[in-house]
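Here the structure is a predicted model, which is why all the values come from computation and not from measurement.
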Amino acid sequence: MDKKRLSSLMPAAALVLGTALSGSVLAKGPALEEGHEYMVVANYPNNMHVIDLQSDSLYKSCELPDAFGPGVTQMAPDGKTAYILNNHYEDIYGVNLDNCEVTFHAAMSLQQNERTKAIFSFAISADGKELYAVQNPTMLNRDHYRVQPSRLAVYDTSAGLNAKPVRTFPSPRQVTVMQTGEDGTLYMAGAEIYKVDVKTGDVDVAIPSRSWQRPLYAPPDVLNAWPIQSPSKDFTILYTTAKFQDETYNLDTADWIYGFMNVNLETGETQTTDFGPITEIYFSGILSPKDPNIVYGVLNRLAKYDIEKKELVAAAELDHSYYCIASNHEGSKIYLAGTFNDVAVYDADTLEKLGNIPLPGGDMAISTSQVFIR
Amino acid sequence: MKTTILKPFGGGLLALAVALATQSAQAASEAEKIIQDNCLACHSEQGESQWSRISHQRKTPEGWLMTIARMQVMHGLKISDEDRRTLVKYLADRQGLAPSETEGARYALERRLNTSESFDSQNFTEMCARCHSGARVMLQRRPASEWEHLVHFHLGQWPTTEFQALARDRDWLDLALNKMVPELAETLPMDSAAWEQWQQQAEAPVAGEWTLAGHMPGKGAFNARMSVTSAQGEDEYSLTLTGQYADGSALKGKGQAVVYTGYEWRANVEIDGQVMRQVFALKEGQLSGRMFLRDKDEVGADVVAARDAAGVSHILALQPAYIKAGSEADITIVGSGLSGLPVLGKGVDVIEVISESSSLIKVRARAAGDASGVMTPSVGSTEGGRFAVYDRIASVKVVPEFAVARVGGNGGSTPKVEARFEAEAWAAGADGKSGTADDYRIGMVPATWSVAPFDEVAEADRDVHFSGRMNSATGVFTPAAAGPNPERRMMTNNAGNLKVQATVQDGADTHSAEGQMIVTVQRWNNPPIP
């Protein structure tokens, strides 16, 4: 694996920061059109962009309050409000994309001297009424810090600009991306893929991950910063692992494997599926909305795998790295975002490049892009 | 580091001792006032000269500097540079490490940044030595409660710590609090016999005349005289340095030194308009450590030094430290208090004493055709140093075997970091077989240097072309400029993965050896202890 390239990404991205447009240039822009397909993504210094996926062009840009980062987004089911985790992982904002107004704001630190961050970990209920965040508080005492237990905080999305949790529950630590099922279940990726009853706070394991019992497999490594709301309503989490030849557990002869864990958010069905050998790293992946046997992954290349055959079927060289992948609802186009400030568009079948959508502002860095229909 | 105006200290030995004692009390009360005035907005007093957090850790001067600098950067402490220096001195003296407690971790203070660390505890390696050096931890002593505070500080300050590789595969916080804290409190405890004993130790003399012997990769051996006089502040000295490199070029400079904790010598010496930092430990009348360019610390030399003292004599080094059997060479013996007949070892004749002083003896030597092995030379009744006689080179190693160079410059604030390599020659020993127990090290020998792609990826990416240039004569690799390179695939920067190749000629024999070098991105922050 190409560690060298990985480690060189961040600084390279940082250098491109100088290109930000001043905020005042950005208009509030037109309202979104009912039934149209869009993509939302954020970038430095404080922008949220809406891209029209019919024309693959920038539709409008909204200005965000406070500091940028990490720019994790979640779309409300009505296709109108985009939520974003920002301000150094400490605040969640809801933005009405029709008029760029901030309609929801939760500062996650609940008391004086508490500093609370969510590490990519928030989601919206299927009915749009509740927002869930796993929060990691630290008490900043005068001369020492105390890390507090993680908690699951539930917010009412109609709570306005000073939102406080309506319920809180203890949560496992190390939770990153989360999604909600149609039935209201909250799924969150941590040491395991947990399923949580948001009424009682009861935590169960939906898919074993660190504790998986797959004979001859090493525990998986899971990196997950992009809670992609896929058109196929799949919550897909890539993993890498090693499969040993036999009980001698010899790493030198083991197969290195890519796979994904998946929760079907409509049915609650889960799976753990290997899809190919590790030949390169992908930061994010997505199942094809039109062919459940196809999975895409992206970082330094855009790659397409046949899951059943466990084979790479196509790969496209990229102009630069992209971190976050998305697909239109039809499954005909793949959108690559993150890293710098252009979105690249690829034909989902041939992986032929269709174009670039340049964005005003600086790096998207690790922002999540979300495709939605208004 | 700022330079203060230094006045030589007058008076006899007794006056000096008295003055130091009173100054010490003065300095202490001055430091305590600085703490009262600057730290107690957040820290609390816990009895006489005891403060929360502050009084419950021991560390090196660099360690204390980093902590106080963090108070400034993270917590908004306002403190002048001068007050900070006073505090570092006070805290390092009062809550420092005994010399033995720094052993095995001094490379971090000496900024030998290519050192590959290895620790017995896998927990320690994965939990505490993956973001910074393990030495940073090894150079501290705390009770369990303070190690615990440190864990909470880490995760509280960098919440992604528990999500990173080698953390997200385990219950990081639980492991840190319930495994690492007890392990650290046990192996690196606040209270130790070594520290107890060190504090009882009488102060060792520093002012006086010293002889230095050193070796700098890319430049070679040097020796110098260093004259040290007491200056005004407590444990502060001025110094002058006069010497020469083996190639004849001069080494001349002036500077200031401070001795912390009774043995941690830190000096800045201006040589040819550049500041060289000396990080030495004072032990049994000798200083040893590394001297390096303050602003380019990959350029540095291993140094040993001995102080002139009546009735004491040391041999510090032989330059060069080897001779080929059946040949003649000029050899310099570097030391202090040298007097008497120089003897290099069995089968090596001193055929002429070219020049002679108490610190340098230069001789013409001839090694017999059948001489071989590692000798301990002597001058008069003093033995010391190491001198190798070899008939042929059996093998060569690239030193360091693995190094990191960093791209830089190009308008950015971070300069390039070079990598410097040397070829170390070995002899086969009595059995004539290389790779056996009786092999012995000959020394660093001249070589011809080149780089090659380390693997297929490096080959395909043309790393040799993009990553920098190797000086074929000196073994100094200068990396390329920083920033994305539009000519490279993926617009990546000039990172690379290279084989470092040395070719050494020994008569009709040609030896080659290989090392590895990673050329990578800049170090974005460069703390005193890596």
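- Within a 6.0 Å sphere centred on CD of B/Glu401, heavy atoms belonging to other residues, nucleotides or ligands number 12 at most.
- Interface remark: of the candidates A/His320, A/Arg173, A/Glu317, A/Arg173 forms the most heavy-atom pairs closer than 4.5 Å to chain B.
- At most 12 heavy atoms of other shown residues, nucleotides or ligands fall within 6.0 angstrom of atom NZ in B/Lys179.
- Partners of A/Lys117 by salt bridge (charged side-chain N to carboxylate O under 4.0 Å, His left out), not counting sequence neighbours, listed by chain and number: A/Glu90.
- For B/Leu40, the part sitting under 4.5 Å from any heavy atom of chain A is the backbone (N, CA, C, O) and nothing else.
- Counting heavy-atom neighbours within 6.0 Å of B/Glu459 CD, excluding the residue itself, gives a total of 12 or less.
- Heavy atoms of other residues, nucleotides or ligands lying less than 6.0 angstrom from CD of A/Gln112 number 12 at most.
- Scanning all heavy atoms of the two residues, the minimum distance from A/Gln174 to B/Arg168 falls at NE2-CA, 4.1 Å.
- With sequence neighbours excluded, the residues that form a side-chain contact (heavy atoms from CB on, under 4.5 Å) with B/Pro400 are B/Asn114, B/Ala403, B/Phe421.
- In this structure, B/Cys42 SG and A/His144 NE2 are separated by 12.5 Å, a value rounded to the nearest 0.5 Å.
- A/Ala218 pairs by the side-chain contact (heavy atoms from CB on, under 4.5 Å) definition with A/Thr241, A/Ala242, A/Phe244, not counting sequence neighbours.
- Annotation: the span from B/Thr160 atom OG1 to A/Phe120 atom CZ amounts to 7.5 Å, rounded to 0.5 Å.
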- Task: Mind running side chain to side chain contact (heavy atoms under 4.5 Å, CB included) on A/Thr138 and B/Leu155 for me, showing each step along the way?
- Result: CA-CA 8 Å; A/Thr138 299; B/Leu155 189 54; over 6 Å; no
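- Annotation: residues 45-57 of chain B contacts chain A through B/Ser52, B/Arg53 [non-hydrogen atoms, separation under 4.5 Å].
- Of the atoms belonging to A/Arg115, it is side-chain heavy atoms, and not backbone ones, that fall under 4.5 Å from chain B.
- Side chains of A/Gln148 and B/His152 form no contact here, defined as non-hydrogen atoms less than 4.5 Å apart.
- Between A/Asn300 atom CG and B/Arg489 atom CZ the span is 7.0 Å, to the nearest 0.5 Å.
- Interface remark: B/Phe163 contributes side-chain atoms only to the contact with chain A (heavy atom separation under 4.5 Å).
- Proximity to chain B (any heavy atom under 4.5 Å) is shown, for A/Leu223, by both the backbone and the side chain.
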- Query: Do B/His43 and A/Arg142 pass the side chain to side chain contact (heavy atoms under 4.5 Å, CB included) test, and can you show the C-alpha distance, the side-chain angles, and the key distance before you say yes or no?
  - Reply: CA-CA 7 Å; B/His43 294 270; A/Arg142 256 172 18 118; over 6 Å; no
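- Neither the backbone nor the side chain of B/Gln164 has a heavy atom closer than 4.5 Å to any heavy atom of chain A.
- Only the backbone of B/Ala167 comes within contact range of chain A, with at least one heavy atom under 4.5 Å from a heavy atom of that chain.
- For the set B/Leu150, B/Leu177, B/Leu173, B/Val407, the entry with the most heavy-atom pairs within less than 4.5 Å of chain A is B/Leu173.
- With a 4.5 Å cut-off on side-chain heavy atoms, B/Asp171 and A/Arg210 count as touching.
- With chain A as partner, the option from B/Ile518, B/Val151, B/Asp169 having the largest number of non-hydrogen pairs under 4.5 angstrom is B/Asp169.
- Contacts of B/His75 with chain A are made by side-chain atoms alone, with heavy-atom separations under 4.5 Å and no backbone atom involved.
- The heavy-atom pair separating B/Pro159 from A/Ile119 by the smallest distance is CB-CD1, 4.1 Å.
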